[in-house]
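Shown next, in structure tokens, is the structure this report addresses.
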Amino acid sequence: MRAKLRLLRLLRLLRLLRLLRRKSMPYAALLPMALIVLVGYLGTVLWSLKVSMSSSRTFPAHDFVGLTQYARLFGNERWLQSLENLALYGVLFIVACLVIGFLLAVFIDQKVAGEGVLRTVFLYPYAMSFVATGLVWQWLLNPGNGIQQAVRLWGYADFEFDWIVDQDKVMYTIVIATVWQASGLVMAILLAGLRGIDEEIWKAARIDGIPTWRVYLSIVLPMLGPSVGTAFVLLFTAVVKLFDSVVAMTQGGPGIASEVPAKFIMDHLFGRANIALASAGSIMLLLTVTILVAPFMYARSRAAHRKASQ
Amino acid sequence: MFKARRIILAALVSCHGLAAYAAGPRAEVMHWWTSGGESAAVKKFADAYKAAGGVWVDTAIAGSEQARSVAINRIVGGNPPTAAQFNTTKQFLDIIEQGLLNNVDAVALKEGWDKFLPETILNVIRIKGHYYAAPVNIHMPTWIWYSKAAFKKAGIAGEPKSMDELFAALDKLKAAGLISLAHGGQSWQENIVFTAVLANQGGKDLYLKILRDRDPAAINSEAFKKVLLSFKRLQSYVDAGSPGRNWNDATALLITGKAGVQIMGDWAKGEFSQANQAPGKDYGCIAGFGANSPYIIQGDAFVFPKTTNTEAIKAQLLLASVVTQPAIQVEFSNKKGSIPIRTDVDSSKMDLCAQEGLRIMKDKSRQIGNGETFLNPDQNGSLADILTAYWNRNIPVEKVQKDIAAALRN
């Protein structure tokens with residue numbers, strides 16, 4: 001009797017343990033990820049924040065100088081120019097990529113012959129390192145030996161296309177080159193979305209006699225919302241980290257006309273041995289991104305929440 | 001089986017240990033000399049070091065900035081190379097102040113570095129009486145190169161001997177339909193042109209007041225304003241393809257006779273030599289205008305990361321001694337395009353421009369450091385930003401003066 005009771009208690013304990021294990025399993029599995037987020041992301045952000053309020057040069061210093069570095073940052077013409085460039089670039093790049101990517105996807109969605117080849121061709125620029133293709137773009141755009149020179153040799157002596165050496169137009173050349181690179185990716189994402197659209201919708205629209213472009217614009221595009229959202233987020237991160245294209249094509253020049261924040265930060269982090277100013281720059285960049293993205297994320301989560309509660 | 005493997009392993013280990021012992025101090029040297037002429041030059045050091053009984057381990061990293069940041073990371077990470085290349089500037093001041101470098105006082109005092117090294121170099125390598133780097137060469141960044149073919153075509157009789165004559169020559173080149181000034185529009189190259197104008201037009205006193213003393217009164221002075229205006233005037237002589245161009249592509253314009261003048265460091269000589277052009281015959285080199293023009297000194301140096309390992313310290317001292325010997329100095333510089341750090345060398349094997357440089361160096365009053373020996377990398381970078389913006393844009397000169405004063409105040 002007593003033995004039986006003891007056995008029963010033991011079994012109950014075992015069951016409890018098993019339950020506990022089952023409940024805690026997911027948390028245990030998430031622990032490494034949580035640690036990485038805490039230490040690798042949040043920790044380094046806090047560390048940057050601390051360094052940005054010190055007088056560090058080559059090495060981190062442990063003093064506190066308040067917002068001195070930030071004041072210097074916003075008194076710095078190159079930094080202000082970088083922010084301005086990034087805003088201009090961001091708007092043009094994202095809009096152009098989405099429009100061109102969507103048009104390419106629609107074009108391929110017409111079941112054109114050689115779809116596989118075309119898709120590869122459009123996506124190929126994205127598969128290549130921009131350090132290499134940027135150099136080719138630099139040659140193409142160079143007025144002395146690129147497109148301008150070629151067209152002039154064909155007989156149009158007055159042809160001018162010297163944007164890359166023009167203070168006011170150089171950012172557009174970077175937009176052109178990077179749109180060439182990234183719109184293929186947008187095409188691939190949107191094409192996947194297009195292929196997911198129910199054939200019945202097309203049939204219904206055809207019966208109602210709605211023109212094709214109208215179906216794309218008013219019915220298909222809204223249905224592609226999530227795909228467009230994904231493409232937007234990818235493009236947005238590409239804008240914030242814009243660096244290699246500028247280095248490969250213009251090195252920030254002519255003068256400081258095509259400088260961008262990421263390059264400013266990198267230059268100060270290493271070559272100029274001022275990690276405090278570089279950290280202040282990256283914190284400002286993070287803040288800007290947060291301010292821009294937070295409302296977007298909030299709206300998305302609200303929408304998802306609403307959907308779930310319906 | 002296991003035993004056999006263990007024996008082989010043991011044999012290997014002991015062999016290795018023995019070899020290292022027999023071959024003397026092992027030095028891992030980190031540098032960014034990777035181009036053709038540069039690697040030929042560093043090989044001279046490697047050979048000399050081996051001849052002195054050491055083992056040279058070469059760690060070449062392309063790109064000076066990249067190489068320096070790897071060196072700093074390894075020093076901080078506790079696995080430093082025996083020696084690392086830096087420019088002979090304030091680049092390594094922070095690492096000295098953190099106590100991360102060994103000094104080479106033993107060699108410096110024994111061989112009397114104080115007696116033969118230029119003052120400007122001593123000022124950056126000797127901190128609080130200790131010697132923290134072995135300088136290996138002197139580069140002069142502001143030589144004025146000209147193509148004899150282009151000058152002939154433009155009808156320019158003689159070498160320009162003043163800033164005014166330089167501008168006159170540039171005008172003639174322009175009139176002849178040539179590119180007057182071959183310039184690569186990158187901020188460091190604009191910095192070089194600025195330094196050349198400051199040294200040649202402003203003179204030594206103004207140069208030191210601006211870059212060494214960072215004197216606001218001098219920066220806002222009328223004389224400095226004129227320097228900035230001349231600098232800006234030079235911009236009107238470049239061609240449309242200039243922005244973003246590499247320095248060697250600009251030199252190529254001189255080699256092919258398409259352009260007349262380039263202001264660039266003596267490393268440009270390598271480009272001329274590779275195209276089989278000879279100084280004095282195909283191209284000319286002007287160190288500066290007038291008998292008192294300052295000779296700007298920049299260059300490379302090895303620093304020696306902190307270690308307590310006696311073998312490594314032995315290697316560091318041996319290396320510091322080997323690379324500063326007169327004969328090796330000449331061999332290295334001939335390949336590198338620089339001049340030796342000391343004037344007590346046999347100059348007969350050096351080319352015309354290098355001989356001229358060495359001759360000027362003998363006059364101590366003409367020696368002067370480049371901007372980076374006085375400014376920290378941050379100040380120097382801010383100055384470069386302002387100059388490149390001014391070169392490329394129409395900014396009132398008074399604003400440029402104000403901006404420079406503000407940038408150098410930090």
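We name chains A, B, ... by the order of the sequence lines, and we start the count at 1 in each one.
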Search all heavy atoms of [X] against all heavy atoms of [Y] and return the closest pair with its distance.
{"X": "A:Pro143", "Y": "B:Gly241", "value": "CG-CA, 4.4 Å"}
{"X": "A:Pro254", "Y": "B:Asn392", "value": "CB-OD1, 3.5 Å"}
{"X": "A:Gly255", "Y": "B:Thr388", "value": "CA-OG1, 3.3 Å"}

Side chain, backbone, both or neither: which part of [X] has an atom under 4.5 Å from a heavy atom of chain B?
{"X": "A:Glu259", "value": "neither"}
{"X": "A:Gln148", "value": "neither"}
{"X": "A:Arg78", "value": "side chain"}

task: Against chain B, work out which of A:Gln167, A:Gln251, A:Met249 has the most heavy-atom pairs shorter than 4.5 Å and name it.
output: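 Of A:Gln167, A:Gln251, A:Met249, A:Gln167 has the most heavy-atom pairs under 4.5 Å with chain B.
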Partners passing ring-ring contact (aromatic ring centres under 6.0 Å, His included) against B:Phe304 (at least two apart in sequence or in another chain): none
Check: B:Asp94 side chain, A:Thr58 main-chain N or O, donor-acceptor pair, under 3.5 Å: yes
- prompt: Between B:Ser64 and chain A, which part of the residue has a heavy atom less than 4.5 Å away: side chain, backbone, both or neither?
  reply: neither
Residue part contacting chain A, namely of B:Leu375, when any heavy atom lies under 4.5 Å: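 Nothing of B:Leu375, per the 4.5 Å heavy-atom cut-off to chain A.
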message: Can you list the residues of residues 242-259 of chain B that sit under 4.5 Å from chain A, counting heavy atoms only?
response: B:Pro243, B:Gly244
Presence of salt bridge, A:Arg272 and B:Asp385, under 4.0 angstrom: yes
statement: Checked B:Ile95, B:Leu387, B:Asn380 vs chain A; the most non-hydrogen pairs under 4.5 Å come from B:Ile95
